[in-house]
Enquirer: 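To start, I am sharing the structure in question, which I have written as structure tokens.
Proteins get letters first, then strands, A, B, ... in listed order; numbering begins at 1 in each. Quick caveat: nothing in here was measured; it's all calculated off a predicted structure. Any value given below was found using the heavy atoms of this structure, including those in side chains, with hydrogens, waters and symmetry copies removed.
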Protein chains: 2
Amino acid sequence: MGKSAQVLVNIHREGGASVSDAALSNLIGYNLKRSFNGIYIDLAEVLRPLGLRMITFTILTMLKENPGIRLSNLAAAIDMEKPNMVAVIDELASRAWVTRSADPYDRRARQLHLTETGAALQGFAYAEVCDHEESFLQHLDGDERAQLIALLSKIRQPAGKG
Amino acid sequence: MGKSAQVLVNIHREGGASVSDAALSNLIGYNLKRSFNGIYIDLAEVLRPLGLRMITFTILTMLKENPGIRLSNLAAAIDMEKPNMVAVIDELASRAWVTRSADPYDRRARQLHLTETGAALQGFAYAEVCDHEESFLQHLDGDERAQLIALLSKIRQPAGKG
DNA sequence: TCCATATTGTTATGAAATATAACAATATGG
DNA sequence: CCATATTGTTATATTTCATAACAATATGGA
């Protein structure tokens with residue numbers, strides 16, 4: 001009886017049991033989250049040795065492309081709240097990667113710029129991020145990658161918004 | 001001079017200035033985050049009246065499809081840490097949408113089940129979520145939607161992982 | 001049968017991301 | 001000149017996400 005009980009145990013164990021997520025797999029939102037999480041966790045490890053997080057890398061890249069931009073415009077451009085942006089810019093400024101300089105035409109505003117160090121770091125980090133994406137997308141050919149980006153940007157704005 | 005100064009001010013104002021994110025737009029990770037954020041914020045508003053968040057909706061749906069599943073298997077299936085899952089199951093149990101019952105074959109484990117109320121709520125919420133996705137994806141035809149899901153699931157697993 | 005090892009659910013804790021209210025300084029437009 | 005809006009900022013709260021550790025239990029080999 002000990003042995004047949006053991007059999008029952010094994011039958012009912014869930015060990016490596018298959019779990020179905022079929023209902024969720026139909027949903028774009030679920031797929032987006034899963035895919036993003038995968039790439040995000042991986043990317044965090046690429047950026048950590050450089051002292052960067054995804055958000056700080058994003059901001060350095062935006063500043064290289066938009067030198068002198070204001071904090072509020074930057075925050076709006078990447079859908080971030082201003083108070084949270086202040087904290088991130090503080091961090092980047094304390095590392096001497098970003099400067100806040102006076103805007104001669106509006107004394108409320110500050111112009112955000114990369115320092116030389118910041119620009120160099122951004123360049124290096126961008127290359128690393130591209131390499132990482134390459135490994136992540138190795139199962140997609142050029143057409144598929146372009147199509148994925150096109151489809152994603154198509155759903156950027158929800159129906160009744162604007 | 002007052003007036004020409006005014007002109008300069010206007011020239012240099014960034015008001016609704018165009019901000020470029022071209023460098024980031026090349027990156028799948030960036031596009032994934034932006035697209036997911038858009039759908040997520042919207043979806044949160046659909047679920048809030050039902051007392052649900054994205055994670056609680058996800059778990060109800062997984063439980064309908066996998067009745068009796070263990071907490072650790074469920075956590076693994078959706079890439080969540082066990083301690084975080086415990087808190088969410090606590091919440092769902094306190095609402096009487098989910099039960100933890102004894103597993104007769106393993107006294108460590110508990111079987112997770114939807115209650116009748118939980119199952120009914122999941123059914124209603126799932127329909128609402130599908131409606132929402134419909135409005136979100138209205139600019140994509142059937143082929144494009146299928147293709148997007150296919151492409152997303154293709155990049156689910158990074159290169160050297162497993 | 002005993003014992004080392006692994007698993008399950010859990011507590012405690014911290015870090016990071018995200019959102020809101022409010023404020024002083026400044027700009028704008030009537 | 002004055003009402004109103006904007007800019008950057010502080011303070012604060014919430015939610016999400018990750019790690020370490022633990023008691024109870026199961027497993028498999030000596």
Enquirer: Please tell me which of A:D79 and B:L71 maps to the more 5' nucleotide of DNA chain C, matching each residue to the nucleotide holding its nearest heavy atom.
Expert: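 Final value for this comparison: B:L71.
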Enquirer: Is there a Watson-Crick or G-U wobble partner for C:dT26 with both distances under 3.5 Å, and which nucleotide is it?
Expert: D:dA5
Enquirer: Mind calculating the distance between CZ (B:R70) and P (C:dT10) to the nearest angstrom?
Expert: 13 Å
Enquirer: In whole angstrom, what separates B:L74's CG from C:dT10's P?
Expert: 12 Å
Enquirer: Report the nucleotide, chosen from C:dT11, C:dT8, D:dT10, that has the shortest atom-to-atom distance to any side-chain atom of A:D90.
Expert: D:dT10
Enquirer: Could you state the OH-P distance from B:Y40 to C:dT18, rounded to the nearest angstrom?
Expert: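 Roughly 9 Å, once rounded to whole Å.
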Enquirer: Is the phosphate of C:dT26, meaning OP1 or OP2, less than 4.0 Å from a side-chain N or O of A:R110?
Expert: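 Answer no for this pair, as no side-chain N or O of A:R110 is under 4.0 Å from OP1 or OP2.
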Enquirer: Can you find a side chain N or O atom of B:R108 that sits less than 4.0 Å from OP1 or OP2 on D:dT27?
Expert: no
Enquirer: Let me confirm one number: the CD-CD distance from A:Q122 to A:E65, rounded to the nearest 0.5 Å.
Expert: 9.0 Å
Enquirer: What is the distance, to the nearest angstrom, from the NZ atom on A:K82 to the P atom on D:dT6?
Expert: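 Rounding to the nearest Å, NZ of A:K82 and P of D:dT6 are 9 Å apart.
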Enquirer: Rounding to an integer number of Å, can you tell me how far B:I89 CD1 sits from C:dT8 P?
Expert: 15 Å
Enquirer: Between A:S72 and A:R108, is any pair of side-chain heavy atoms under 4.5 Å apart?
Expert: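 Heavy-atom side-chain distance check fails, nothing below 4.5 Å.
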Enquirer: Side-chain contact, heavy-atom cut-off 4.5 Å: A:H132 with A:I39?
Expert: yes
Enquirer: What's the closest nucleotide to the A:E81 side chain, out of C:dT10, C:dT20, D:dT10?
Expert: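 Nearest nucleotide to the side chain: C:dT20.
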Enquirer: Could you work out which one of C:dT8, C:dA21, C:dT18 sits closest to the side chain of A:P83?
Expert: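 Side chain of A:P83 sits closest to C:dA21.
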Enquirer: Is the shortest heavy-atom distance from the side chain of B:I59 to the side chain of B:L63 under 4.5 Å?
Expert: yes
Enquirer: To the nearest Å, give me how far apart CD (B:E91) and C1' (D:dT16) are.
Expert: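 Computing the B:E91:CD to D:dT16:C1' distance gives 13 Å.
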Enquirer: Looking only at side-chain atoms of A:I55, point me to the closest of D:dG8, D:dT10, C:dA17.
Expert: C:dA17
Enquirer: Using only heavy-atom distances, decide whether a donor-acceptor pair under 3.5 angstrom links the side-chain of B:R107 to the base of D:dT25.
Expert: no
Enquirer: Let me know the distance between CG of B:D106 and P of C:dT10, rounded to the nearest Å.
Expert: 13 Å
Enquirer: Is any side-chain nitrogen or oxygen of B:K33 closer than 4.0 Å to OP1 or OP2 of C:dT18?
Expert: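 Looking at the OP1 and OP2 atoms of C:dT18, one of them is under 4.0 Å from a side-chain N or O of B:K33.
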Enquirer: With the side chain of B:R100 defined as its heavy atoms from C-beta on, choose the nearest nucleotide among C:dT10, C:dA17, C:dA19.
Expert: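 The answer is C:dT10, which lies nearest to the side chain.
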Enquirer: What are the two closest non-hydrogen atoms of A:L152 and B:S35, and how far apart are they?
Expert: O-OG, 3.0 Å
Enquirer: Does B:Y105 have a side-chain nitrogen or oxygen under 4.0 Å from the phosphate oxygens OP1 or OP2 of C:dT8?
Expert: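 For C:dT8, OP1/OP2 do not have a side-chain N/O of B:Y105 under 4.0 Å.
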Enquirer: Just name whichever nucleotide pairs with D:dA20, Watson-Crick or G-U, keeping both distances under 3.5 Å, else none.
Expert: C:dT11
Enquirer: Return whichever of B:M54 or A:S72 has its heavy-atom-nearest nucleotide of DNA chain D closer to the 5' end.
Expert: A:S72
Enquirer: Given C:dT8, D:dT9, C:dA16, which nucleotide is nearest the side-chain atoms of A:R53?
Expert: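 Among the listed nucleotides, the one closest to the side chain of A:R53 is C:dA16.
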Enquirer: In the structure I gave you, are the side-chain heavy atoms of A:L24 and B:T58 within less than 4.5 Å of one another anywhere?
Expert: yes
Enquirer: Rounding to an integer number of Å, can you tell me how far A:N84 CG sits from C:dA15 C1'?
Expert: 15 Å
